[in-house]
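Note sheet for the following structure.
Just follow the structure's listing: the first ligand is 1, and inside any ligand the first atom is 1.
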Amino acid sequence: MKILILGINGFIGNSLAARVLKDTNWEVYGMDIRDDKLDECHGAERFRFVEGDICINREWIEYHVKKCDVVLPLVAIATPSTYVREPLRVFDLDFEANLQIVRQCVKYGKRLIFPSTSEVYGMSPDKEFDEDESTLVLGPIRKQRWIYSASKQLLDRVIWAYGFQEGLKFTLIRPFNWIGPKLDDLTLQPEKEGSSRVVTQFISSLIHGSPIQLVDGGTQKRCFTYVDDGIDCLMKIIENAEGACNGQIFNIGNPNNESTIRDLAYKLREIFLSNPASRHCSGTPEIVEVSSGTFYGQGYQDMDRRVPSIKKAQEIIGWSPQVDLDTALKRTLDYYLDMHPGIKDR
Ligand code: UGA
C-alpha cells in the first residue's frame, strides 16, 4: 500500500509515518514545509519526503494523490490563539486548501482519511460526545474561536456528502487533546504566549520559570490522550479503511484521562520538580489566574467539558486507549526536558 501524508512533519503526521515505516511494508510519501521532526523516517527505503506547501505545490500533490492508495491531509492550524487572532488564515488553510485535496480524492477514486476534531462538538451539553448522535453547538459569530470548529464541521459535511452522492471512500477521525513528544515547539518568547496548546504552554512556563496561567480559573476540563494510543487507533483505521471503517466517524480519545486545567497544572509542576533535570531550570513557577479576554482576546469562548464516547472504536476496530494521564504527562515532559537539544542550558 502507498500512503500520502500531507503535513507529515506535524504532531500526528511524524508519529504516524514513523509507525508505518516500523510496523508495515507500506510506502510513505510526505510533504511538509519543514522536516525537523522526521529523524526517525529519513533514510528509510520506503520513505519519500518533499519540502513544500499545500497551497503552492499543487501539481506534486495531484500527482501523488493519483499514485497513492490512501490520502491523509493533516495540514491545519490547530491552536486556539490563532483562531482568535487570524481567523481568515484558519479558514484559508483548514477549509479551502483541504477542500481541493478532498476533491482530488473524489476525482481519482482514492481513500480519504481526514482529521476532523473534538472541537466540532463545541459546547454540546452531552455528557459524552457521540459521533453519530451528538448535537454540535457553537457560539455567536463575534466569537471567532469557533471558525476552526465551523470550518472542520463544514468539511466533515462536504466529505460525507461526497460519500453519499459520489461514492467517496472516507473515514473521519476526531482526536481529543492528544499529547506527547513533539506536540508543539516550546514557546520561547513571552509575546508568543498562548501560541501552543495547554500542555506545551505549561511545560514552557515550567522550563523558563514564568508563571503558569490558568485561563478563567482553570475549572474547564479536557480528556488527554497519549499520542501512541491515538496512533494505534489510526493504524487500525487505515488497515480497515476499505471495510468496516468506510463512511464512519471515530472519536479518538481517552475518557479515563479527564482533568481540570487547574489539576493539570499542579500535576505537571509536581512531575517537573521530581525530574532531576528541573534543577537546571529557573526555580518553581507560580500558578496564577488570568481572564480569557486578557489571554486570548475578546473573540474567545470555551467549552467546560469534552468527553469522547469511544464505544464505536471499541466495537468496530477493538481499540481502547492504554496510557494513563500521569504516564502521558511524564513521557511528554521527559521529552522536552531530556531530548530537546540545549533545553537544560536555557
Ligand atoms: C484544542 C485545539 O483546538 C486543537 O488542538 C484540537 O482540535 C483540539 O482542542 C484537541 O486537541 O482535541 P483546546 O483543548 O481548547 O482546543 O486547546 P488548548 O490550547 O490545549 O487549551 C485547553 C484548555 O486550557 C482551554 O480551556 C484553555 O483556555 C486552557 N489554557 C490554555 C490555560 O488555562 N492556560 C494556557 O496557558 C493555555
Return a yes/no value for [X]: is any of its N or O atoms, backbone included, closer than 3.5 angstrom to an N or O of ligand 1?
| X | value |
| --- | --- |
| Ala78 | yes |
| Trp178 | no |
| Tyr300 | yes |
| Pro175 | yes |

Option set [options], criterion heavy-atom distance to [atom], minimum:
| atom | options | answer |
| --- | --- | --- |
| atom 21 (O) of ligand 1 | Val198, Leu264, Asp216 | Val198 |
| atom 10 (C) of ligand 1 | Ile252, Thr260, Asn177 | Asn177 |
| atom 7 (O) of ligand 1 | Leu183, Thr117, Asn251 | Thr117 |
| atom 14 (O) of ligand 1 | Lys152, Arg222, Arg145 | Arg222 |

Charged tip of Arg331 within 45° of Tyr226 ring normal and under 6.0 Å: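 Yes, a cation-pi geometry.
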So which atom in Ala328 and which in Val323 form the shortest heavy-atom distance, rounded to 0.1 Å?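 Of all heavy-atom pairs spanning Ala328 and Val323, the closest is N-CG1, 3.8 Å.
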To check you understand the geometry: which heavy-atom pair defines the closest contact between Ile310 and Gly253, and what is its length?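 Minimum heavy-atom separation between Ile310 and Gly253: CG2-O, 3.4 Å.
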Counting heavy atoms not belonging to Gln220, are there more than 12 under 6.0 Å from its CD?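 Yes, the 6.0 Å shell around CD holds more than 12 heavy atoms from other groups.
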Using atom types as modelled and distance alone, determine if a side-chain donor or acceptor of Ser278 lies under 3.5 Å from a backbone N or O of Asn275.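 Judged by distance alone, yes, a pair lies under 3.5 Å.
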Within the distance-only criterion (no hydrogens, no angle test), does the side chain of Arg46 pair as donor or acceptor with the backbone N or O of Trp26 below 3.5 angstrom?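 Judged by distance alone, yes, a pair lies under 3.5 Å.
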Contact check, Pro80 vs ligand 1, heavy-atom distance below 4.0 Å: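 Flag set, Pro80 near ligand 1.
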Do any heavy atoms of Arg174 fall under 4.0 Å from ligand 1?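 Checking ligand 1 against Arg174, which is what was asked, there is no heavy-atom contact under 4.0 Å.
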Rest of the hydrophobic cluster containing Val120 (Ile/Leu/Val/Met/Phe/Trp/Tyr, side-chain heavy atoms under 4.5 Å)?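 Its cluster partners, ordered by chain and number, are Tyr121, Phe129, Leu136, Phe176.
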So which residues get pulled into Ile33's cluster when ILVMFWY side chains under 4.5 Å apart are joined, directly or through others?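 Ile33 clusters with nothing; isolated.
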Would Asp324 and Asn256 count as having a side-chain donor-acceptor pair, cut-off 3.5 Å?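 Judged by distance alone, the side chains do not pair up.
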Using a distance-only test with no angle check, is there a side-chain donor-acceptor pair under 3.5 angstrom linking Ser151 and Asp94?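 Result is no, nothing qualifies.
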For ligand 1, which atoms have a heavy atom of [X] less than 4.0 angstrom away?
| X | answer |
| --- | --- |
| Tyr83 | 2 (C), 3 (O), 4 (C) |
| Gln213 | 32 (C), 33 (O), 34 (N), 35 (C), 36 (O) |
| Phe176 | 12 (O) |
| Val215 | 28 (O), 30 (N), 32 (C), 33 (O), 34 (N) |
| Ser118 | 8 (C), 10 (C), 12 (O) |
| Asp302 | 25 (C), 26 (O), 28 (O) |
| Tyr148 | 3 (O), 7 (O) |
| Phe202 | 34 (N), 35 (C), 36 (O) |

Do Arg34 and Asp185 meet the salt-bridge criterion of a basic N to acidic O distance under 4.0 Å?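 Salt bridge present between Asp185 and Arg34.
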